[in-house]
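These figures come from a predicted structure and were not determined experimentally. What you see below is based on every heavy atom in this structure, not just the backbone, and it leaves out hydrogens, waters and symmetry mates. Each ligand, and each atom within it, is numbered from 1 in the order the structure gives.
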Amino acid sequence: MADSGPSNENAGPTPMAESGPSHENAGLEKGKRQNPENEDNSPRKKVKKKKSASSELKTCEEQLKQAKQTASQVYNKLTEASCQNKSFIEKVAELLDFNPNNKIYIGLFGRTGTGKSSLINALVKENHLLPSGSLHACTSVFVHVQSDATSNKYKVEIEFLSESEWDSDLRNLLDILSDTKDPKDTNENQGDSEDDNMERMAREKITAIYGKDALNKTHNELIGTNRFPEIAEKFRKPQSFKTAKELADAIDPYIRSGDDEGQKFWPVVKQVTITLPKTSDLPQGVVLVDIPGAGDANKQRDEMWKECLSMCSSVWIVEETNRVLSQKIPKEIIHNTLRTVGGGGECHNITFVCTQTDTMKKLEMKSLIKIHKLTDEKLGISASKGSPEYDRQLKRGCIKFQNKRVKDSISKLFEDKAKKLLTGDADDSDGLFDVYTVSSEEFWENAEPGNPTLDINETELPSLEEHIKELYISHYVKEVKEYVSDVSGVILLLLFSKDVNPPKVQEFLDKELNRLKKKLRADNGICTNLNKSLSTDIKTFENKLTEGMKMAEKDGLNIATSKVLQPSWKKGGHYQTLRAMCKHDGYFRSGKGELFDLNYALSLPMYKKIEEKDTFLNTFSVAGSKHLRTSIKGEFASFQENFITDTLLEAFKNEQKKYLRLVYIRTQQRKLLKDLEKEMLQRKKQIYNSLSDSIRDTMKPTYQECSGIRGPNTLRSIQEKLKTKVESSKQHMFQLAKDDMLQQLRDLQEYLVTEIEKKMNTTLGVALNGKSADLTDLADLSEELETMKKLCVDLHLRVF
Ligand SMILES: Nc1nc2c(ncn2[C@@H]2O[C@H](COP(=O)(O)OP(=O)(O)OP(=O)(O)O)[C@@H](O)[C@H]2O)c(=O)[nH]1
């Protein structure tokens with residue numbers, strides 16, 4: 001690695017695993033992983049677990065190796081048998097290529113300049129990888145940073161906007177600029193700072209691609225220069241570099257805006273993906289996503305912002321420490337981010353990262369000491385007054401004291417809300433919310449000779465690295481569990497397909513088949529009950545939506561006016577912003593990162609109603625324990641518990657022919673429920689968004705009309721048109737939104753019940769029909785079965 005960061009060896013006496021947030025923030029370091037299957041989350045256990053994070057990964061890698069080896073042994077035995085059965089061979093062959101390679105995305109959200117790029121550089125220990133720094137420059141495209149354990153090179157791939165996307169973006173930019181030149185503009189149309197921002201951005205984007213002279217050219221003239229295809233062609237293929245610095249220099253114009261000299265291409269870039277070589281500490285599979293802090297009036301990037309939030313397993317909200325304490329954090333932005341995450345579905349963790357902890361001024365220290373009556377002893381100072389060492393220890397003590405306050409303050413403001421969004425239960429959510437107070441600057445100071453103010457652990461970068469590892473391990477373990485369960489299933493299938501059953505066993509199987517089929521569909525059967533329970537949920541949704549709909553008819557427009565159309569905090573007009581919002585179908589992210597979402601604002605009373613008493617969250621909760629019974633996942637768990645019960649298995653433990661078949665049913669049931677859970681999470685996003693999407697569809701023609709309004713009184717004309725449309729459509733618009741959501745819920749209900757019935761009937765048929773396959777001379781597989789049994793027990797998989 002060209003520019004490796006400080007190692008943990010200078011870390012002093014505290015080992016890394018125990019480092020970072022000390023007892024002060026122990027509450028925030030609670031068990032990081034949620035695993036409803038048999039995990040002890042007691043504090044003592046957590047400390048133990050934390051110490052062995054890396055060794056846990058090693059154990060799990062070893063378990064995967066054993067499972068793969070077992071699959072390979074089975075494959076060999078199967079291909080050596082003289083009577084070969086193609087479908088079995090294919091099933092086993094599929095298992096041989098398995099690699100836990102689903103990516104996990106960690107999204108870094110935050111205003112521009114909070115230190116996201118610097119944080120990523122410190123985390124991957126490459127000081128020059130992502131550009132950070134200059135006053136007017138900022139990261140302007142989505143940057144993905146990942147690693148490849150098989151490569152020695154630094155690689156980069158750039159995804160450009162399509163020609164038509166750039167074409168429509170360019171038209172928008174020229175529209176924005178022509179407004180500023182329009183002599184008919186009245187005072188009312190004088191933009192506020194947000195509108196000024198948009199004009200600046202439009203100018204910047206056009207000159208970046210076409211040069212300074214371009215500002216006076218028409219759309220046709222600009223498109224005629226063919227600049228866009230030429231730029232995209234340059235980076236059409238992925239490129240490799242020997243060092244991070246070389247890569248950083250090559251991609252700088254593609255990711256960073258700014259008014260410094262030189263050609264820039266970022267306006268036509270959608271996403272840059274950087275792949276680090278195997279020397280990187282970033283676990284393969286983890287993708288850190290640097291998300292532009294500012295909106296730039298580009299529809300695709302607005303869409304990507306939303307998509308990215310819902311794709312991330314962990315969302316990091318990045319904010320400067322000073323702003324957190326001075327209450328300058330834009331709560332609206334954070335609430336909007338959390339809302340998008342909550343409806344999103346994939347996110348299992350929200351992490352608040354407070355940056356630049358080192359930037360404490362002397363005056364700040366003085367007032368901190370005075371207000372909180374801090375003594376040298378309290379600040380941990382041992383050096384004698386007046387010495388440089390005293391000053392260092394004083395600053396260090398103050399930073400540590402401040403970090404604790406920041407953590408308390410963030411937890412108070414957001415912890416409960418964040419946890420509720422993810423689980424629907426703030427008391428049952430270990431590992432869902434974390435706060436870190438970091439200093440990237442001091443992290444690099446530790447790499448230099450000298451005496452940094454904070455030691456490496458106090459920069460909290462090592463803890464954050466550990467946090468990434470924990471997220472990764474939790475994800476990895478889940479994939480290995482699925483694999484182990486699949487291998488077990490195939491071995492069981494081979495074993496019981498080998499023999500012809502004696503009549504008595506067959507009699508038992510026939511009975512079991514009937515009994516279990518009934519258990520699925522009888523009056524009190526599992527599918528019937530799931531159907532009933534979902535119908536009750538949908539009825540609750542219907543009642544809530546009806547109430548919400550009435551409230552939206554009454555108040556929706558007022559809310560939308562105060563939040564979007566005419567916010568009281570907007571001093572001047574904001575016609576550019578509103579027009580951009582209309583061009584983006586009612587949704588727009590401003591240059592300051594604020595969201596203008598008219599569709600959501602109009603449907604807010606309906607959202608409030610379905611969120612009342614956490615109705616939506618509880619229904620779709622995937623958390624463990626307490627809420628299991630009230631969620632769809634709870635229904636799944638009860639199905640798993642009550643279908644092939646532990647007692648039944650225990651009773652047939654010594655009757656292999658029966659036992660193996662019953663266990664097989666369990667493995668297939670588990671697989672099915674995992675698949676259904678994934679599908680449910682996907683649909684959760686669509687269902688949650690269905691209200692505002694439906695409003696968007698009704699409003700669309702008016703948005704299109706408004707996006708063309710120009711000249712005097714633009715602001716008022718747009719506002720009036722939108723208000724008139726809402727007034728005239730409200731009778732049916734909210735009803736439609738309600739119907740859309742209910743329809744999607746009913747579709748989900750039908751899908752789940754039908755899939756369970758269909759797939760379980762197939763499984764029961766395979767397991768209990770008693771037919772033997774052509775596998776008579778297949779070698780003994782009892783050793784393989786024992787290995788899988790042990791692995792299932794070690795991984796807390798309740799299969800055998
Ligand atoms: N003192 C100090 N400065 C920092 C630290 N982290 C970042 N900075 C500075 O803060 C400024 C912004 O940092 P970036 O990493 O570019 O911030 P960003 O969030 O990526 O900003 P955008 O690229 O605009 O999205 C730069 O001048 C950094 O040098 C830190 O830990 N301490």
If the cut-off is 4.0 Å to any non-hydrogen atom of T359, which atoms of ligand 1 fall inside it? 1 (N), 2 (C)

Check each heavy atom of D358 against ligand 1 and say whether those closer than 4.0 Å belong to the side chain, the backbone, both or neither. side chain

Evaluating non-hydrogen atoms only, which member of S439, S117, G115, S118 is closest to atom 17 (O) of ligand 1? G115

Is there at least one pair of N or O atoms, one from L119 and one from ligand 1, spaced under 3.5 Å apart? no

Under 3.5 Å between some N or O of ligand 1 and some N or O of T114? yes

Geometric class of the F265/Y254 ring pair [parallel <30°, tilted 30-60°, perpendicular >60°]: tilted

Is the shortest distance from a Lys or Arg side-chain nitrogen in E204 or R200 to a carboxylate oxygen in the other one below 4.0 Å? yes

Between E389 and R392, is the closest basic N to carboxylate O distance under 4.0 Å? yes

Sub-4.0 Å atoms of ligand 1 with respect to non-hydrogen atoms of T112: 21 (O), 22 (P), 24 (O), 25 (O)

By the definition salt bridge (Lys or Arg N to Asp or Glu O under 4.0 Å), identify the one residue from E157, E307, E165 that meets it with K270. E165

K153 to F241, cation-pi by 6.0 Å centre distance and 45° axis angle: no

